[in-house]
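Let me begin by presenting the structure, written as structure tokens, before commenting on it.
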Protein chains: 2
Amino acid sequence: MVYFYYMLDQLEQQMSTFSRAEQRVANWVLTHPRQTAEATLAVVANACGTSEPTVIRFCRRLGLSGFRELSIRLTEAASKPGSVIHRAVNADDTISDAAAKVFDASIQSLMEVRSMLSTLPIDQAVGAMKMARSLVFVGLGASGHVANDACHKFFRLGIPCAAVNDTPGMLQHAAIAAHKDVFVFVSHTGRWPVLGDAARKARQRGATVVAITDESSTLATNASILFPLQATEDTCVFTPMSSRVTQLVLLDAIQVALALALGEVAAEHLQRTKLALSDLPSG
Amino acid sequence: MVYFYYMLDQLEQQMSTFSRAEQRVANWVLTHPRQTAEATLAVVANACGTSEPTVIRFCRRLGLSGFRELSIRLTEAASKPGSVIHRAVNADDTISDAAAKVFDASIQSLMEVRSMLSTLPIDQAVGAMKMARSLVFVGLGASGHVANDACHKFFRLGIPCAAVNDTPGMLQHAAIAAHKDVFVFVSHTGRWPVLGDAARKARQRGATVVAITDESSTLATNASILFPLQATEDTCVFTPMSSRVTQLVLLDAIQVALALALGEVAAEHLQRTKLALSDLPSG
DNA sequence: CTAAAATATGTAGTAAAATTACAAAACATT
DNA sequence: AATGTTTTGTAATTTTACTACATATTTTAG
């Protein structure tokens, strides 16, 4: 399953898979996204010179539940941000300019992911984790810290968790993966071959593999549930990897969603772990 | 005539003009914007414990044509970041609502810190680090991961770095601190006494102590250079610690500023560490 | 080139959702 | 307490989204 950032990208991508009448609909939607979002099924069908069922079939082919969802997705796409343009840090920047740019970059990438939240398989990930025997968070290098952080967060829900930061470790974990285990692979580019190998192995053994990585990576193709975060190449040596931040916050969001899904039990675990730290001096 | 940028702002503003039943609707919509946008009239009416016409009258009072338009306006509002002033996650939030709130919280706290960048002692920190013999990043628990991440980032500038996540470790490091060492303490509340102790000891031995922590903590009072990040108390068990994100990005900013200050040499080191990872398959 | 199969499209009907009309209830005012 | 006003819900109506099925079109195989 491939997930797209925005409706309209997906539309262009899938254009060839549509039938003649459906392509007319696709074209009209592409050229009048806002109008489509506010119009009724009958109006759209008429404007495309086709019938209502064809428009509905067109929606279904996009993986949507129907015309109503198309409206929602189009409205989202139309109000996507894209306004905050991140400028690269220059060697002649003042310290506060550079710092502001670093913050802007992080804020921007968070906003981007936020705007595509509805297209991300958070539900599916939560569904798998809800019934998991254990969670294994895997990450190398900078992503390793994200994996560790996630481990530290999720275990507080009362689920056995592990974090793995090394190659042999992840292969060993994959080798003994069981049906109800959920692996979460975190990687900026997803290009280290060993990540793909470990993911495949874990899946073969029946585990669910969640991947937070670039869409076009080998890791992505080996995942059961994919969170596609585009890996923007560093044009400048000074540019820090702001992908870590989005990975981190995305995992925050998943953890909160999981906590909600687990309900009372999780809430109590969270409370207890917080209380365990509460006997500190107030200063 | 008052023009509103977003539905939700208008909603809060007009709250007093609503009748009792309408206020129930307004409240529900404010706390579940995303859910409302995707739900049907009947569902919303039911969730608010009122009838369908009341919901429609509520829409009309907002100047909308009906429930259909409310859906569209809410979807817009929910996809435009920053529109939702962060509200706490409720136990009955949908996954989408909860995820958006988590992102909003992080985005908001980043924007807050961004707006006070000019008041932060980044120059001073960079000045000290520029001539440092070594950098020691200290953090316990969740902040430990931030410390590790920072260590992993700064060492690429060619400066000897260490990360410390345990109590004895930090005391030992402090005990052998030297004049040209820079310690960076990361802590959400800064209330663990051992952090203050270690910081004081390190300073006594002539090291520079940078602290990223709450202004009113014991750690803060023992620091030579303070980055005050307010520790907002968690009102809700589900609220994740978004302070980690600001700590992380702040350290990113400091690292970039330091790289710029070091100039050529640092740039070359960064380049080399990137090249060391570049012989990966392209898939 | 034709017959059969598969696919695409539209018509007409159905279910569901939004909206309206109107009456009952709650509230305020004298 | 009676009257007028506002608020709210019930039930009917209209509109909208969706489905089942029949017809047309294209594709494929002999």
Subject >> A/L64 CG to D/dC18 P, straight-line distance once rounded to whole Å >> reply: 11 Å
Original post:
Whole-Å distance between D/dT25 C1' and A/Q23 CD?
Top reply: 16 Å
**OP:** Give a yes-or-no answer on whether the side chains of B/S51 and B/T54 include a donor-acceptor pair shorter than 3.5 Å.
**Re:** yes
Original post:
So, A/D214 and A/T189: side-chain donor and acceptor under 3.5 Å apart, yes or no?
Top reply: no
Subject >> A/F183 and A/H173 aromatic ring geometry - parallel, tilted or perpendicular at 30°/60° bounds >> reply: perpendicular
**OP:** Rounded off to whole Å, could you give me the CG-to-P distance for the B/L41 and D/dA17 pair?
**Re:** 14 Å
Subject >> Helix axis bend for the helix from C/dC1-D/dG30 to C/dT30-D/dA1 - C1'-based end axes, five pairs, 10° rounding >> reply: 20°
**OP:** Please report, rounded to the nearest Å, how far the P atom of D/dA17 is from the CD1 atom of A/I72.
**Re:** 12 Å
Original post:
For B/S65, does its backbone N or O pair with a side-chain atom of B/R60 as donor and acceptor, under 3.5 Å?
Top reply: yes
Original post:
For DNA chain C, which nucleotides open and close the run of contacts to chain B, 5' to 3', at under 4.0 angstrom from a non-hydrogen atom?
Top reply: C/dA17 to C/dC27
Original post:
When you check the gap from the basic side-chain N to the acidic O, do B/R61 and B/E22 get nearer than 4.0 Å?
Top reply: yes
Original post:
Should A/L250 and B/F103 count as side-chain neighbours, where that means a heavy-atom distance under 4.5 Å?
Top reply: yes
**OP:** Summarise protein proximity over nucleotides 5-10 of chain D in one line of letters, 5' to 3': B for base, S for sugar-phosphate only, - for none, counting protein heavy atoms closer than 4.0 Å.
**Re:** --SBBB
Subject >> Geometric class of the B/H145/A/H152 ring pair [parallel <30°, tilted 30-60°, perpendicular >60°] >> reply: perpendicular
Subject >> Salt-bridge present (A/D197, A/R200; N to O < 4.0 Å) >> reply: yes
